[in-house]
Visitor: 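Once you've had a glance at the structure underneath, I'll fire off some questions.
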Amino acid sequence: MEEANQKYQQKNTLYAYLLLDEQLRIISPNPAFTKFTNIPQDELEGFTLASCFKFNSKSLNRLSNLPSILTESFGLLKLTAYSPSMDQGSKIFRYRFLLIENGDQEEARYRLLLTKYSAMDNEFRPEVSDKHLFDLLLRELTDAIYFKDLKGRFFLTNQLHAQKYEFSYQDFIGKTDFDLFTDEHAAQAWADEQEIIRTGKPLSIEEKETHKDGSITWASTTKLPLFDESDNIVGTYGISKDITQIKEVERELRRTKKLLEEANASKDRFFSIVAHDLKSPFSAILGFTELFAEMMANKEYEEALKYSSVVHQAAKRSFLFINNLLDWASSQSGRIEFKPGNLLLKPLVKDVFSLLATQANAKEVKLKTNITQGFGVFADKDMLHAILRNLVSNAIKYSRADDEIFIRAAQKEQNIEISVSDTGIGIPADKIPILFQLGEEVRTPGTNKEQGTGLGLIVCKEFVEKHNGSLHVKSIQNKGSVFYFSLPMHS
Ligand code: ADP
């Protein structure tokens, strides 16, 4: 014990050490104790522990029952207390005590070791009060801070918190989230707080915040239980950082990722189409032209004539295919310029019909339209031509003799709805949802076994979307199909 006494008598020790008598009166405090309490050593006589520190009622109770408490706790008691604020200016320090039984016979009944652990007091600290530091935090921090009581009523918030919601500080005080925000927002916050009060544990979450004007922001918030000086929970408090911009960047990243994935799928599709569709007609053209040359050499003109039309068909199909492929590839790489202008529908439809007349005549399919002189749209001429060409060409391809193909136009508010209908073989219901998806295989040979590329409708869809419209289809098997889309009206 003497050794311990000597150790704690040194000037610079961080621990205060003293002895206490039966009544907890202070005997032989060390210099650190005087420094801690600011009470000169010679004036300490007669002071009790309770007159130097502020204990909560639970600790006071324990101190007044010391002998039995110490017996229960093996002669050792840990306590926390605060310096009385009056003695230390505005500062309140928190201390930890270790009280040890010193033996029955001694005048010094107990030994006490204590240390400050609030770490507020150090030689590096400029002359600033805790209050000033706290005010600075509230005023300058770029995060929103609030304090609420147990009933969820705000009793302190910083300027930023109030400004964020375009309320004044006064608007907040005494109000709950239910008074200020939407029920959804308030109910979620209330549930979080009840959880924190129940468990005494902090919560870190991402929150959606609703504002007076209906706008929404996002915040990353840490909510904590608010303990008073006696370690009782008296409310909650939170600090939240605005992450709306981060959220937007995240959304943009996800969108870009999706676009990149789509672009990659387009590229894969492009190569697989080129590999398959362009190669096979060329093998036919090469094989047949070789045969053709042989037939000419052998003067088999009849046969040669027959094969020449096969070669012609294969070459025509490749040409149409290349056209579609180039349209599609250019639209994919953004190389097709979108140049909308005022257009009359009638001449355009006439042009498409005459282009496809041979195809239609060969199948005995009729091409009709209700479009009169007056219908005008605001669209890109080349794109609209490609859309109609593809839809009518498909309609012919999937029609039988005596079927009819109709291009109709009707005004719907400020738009013109155009439809291409046929009375052909129709599309099975399960294929409709994937008709316009790249990478999905929907390829039906035509009624004359015409082969397709599966690109036509995708090109149509992209071109319609460039006009901010959308392409839809309705179809019944064996009855026919209708493809329709809207374009803005002639201005
Ligand atoms: P393709 O070159 O294969 O015709 P499209 O993209 O133009 O490519 O059409 C894709 C598929 O949609 C076709 O293979 C066919 O199954 C179906 N389809 C398109 N238009 C019609 C139509 N008018 N009637 C029936 N089926 C159609």
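Numbering starts at 1 and runs along the sequence shown. In each ligand, atom 1 is the first atom listed, and ligand 1 is the first ligand listed.
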Visitor: Whether K151 and E193 form a salt bridge (side-chain N of Lys/Arg under 4.0 Å from carboxylate O of Asp/Glu) is what I want to check.
Guide: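 Answer for the salt bridge query: no.
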Visitor: Contact between ligand 1 and F483 is defined here as a heavy atom of the residue under 4.0 Å from a ligand atom; is it met?
Guide: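 It does, in that a heavy atom of F483 comes within the 4.0 Å cut-off of ligand 1.
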Visitor: Please state which option from T447, L435, L457 has its nearest heavy atom closest to atom 9 (O) of ligand 1.
Guide: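 Heavy atom nearest to atom 9 (O) of ligand 1 belongs to L457.
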Visitor: How long is the straight-line distance from NE2 of H467 back to CG of L487, given to the nearest 0.5 Å?
Guide: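 L487 CG to H467 NE2: 5.5 Å, rounded to 0.5 Å.
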Visitor: If I compare all heavy atoms of D403 with all of R400, which pair ends up nearest, and what's the gap?
Guide: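 In terms of heavy atoms, the two residues are closest at OD2-N, 2.6 Å.
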Visitor: Are G424 and ligand 1 in contact, using a heavy-atom cut-off of under 4.0 Å?
Guide: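 False for this residue.
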Visitor: Give the atoms of ligand 1, by number and element, whose distance to some non-hydrogen atom of I427 is under 4.0 Å.
Guide: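 Per the distance check, 25 (C), 26 (N), 27 (C).
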Visitor: With the threshold set at 4.0 Å, does a side-chain nitrogen-carboxylate oxygen contact exist between K461 and E465?
Guide: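 Salt bridge present between K461 and E465.
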Visitor: In terms of atom number and element, which parts of ligand 1 are under 4.0 angstrom from non-hydrogen atoms of S481?
Guide: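 This gives 22 (C), 24 (N), 25 (C) as the contact atoms.
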Visitor: Looking at ligand 1, would D422 count as a contact under a 4.0 Å heavy-atom criterion?
Guide: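 Judged by the 4.0 Å heavy-atom criterion, D422 does count as contacting ligand 1.
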Visitor: For the aromatic rings, using the six-membered ring if either is Trp, is the centroid distance between F172 and H161 under 6.0 Å?
Guide: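 Ring centres of H161 and F172 closer than 6.0 Å.
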Visitor: Have a look at V459, N394, I405 and point out the one with the heavy atom closest to atom 19 (C) of ligand 1.
Guide: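 The option holding the nearest heavy atom is N394.
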Visitor: Quick one: do E404 and T423 satisfy side chain to side chain donor-acceptor pair (under 3.5 Å)? Show the steps, please.
Guide: CA-CA 6 Å; E404 282 185 353; T423 51; over 6 Å; no
Visitor: So, does K431 sit close enough to ligand 1 that a heavy atom of it is under 4.0 Å from the ligand?
Guide: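 Not so, K431 does not reach ligand 1.
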Visitor: Sub-3.5 Å donor-acceptor pair from the side chain of D192 to the main-chain atoms of A189, do we have one?
Guide: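 The answer is no, because no donor-acceptor pair under 3.5 Å joins these two groups.
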Visitor: Show me which atoms of ligand 1 lie under 4.0 Å from any heavy atom of K397.
Guide: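 Per the distance check, 1 (P), 2 (O), 3 (O), 4 (O).
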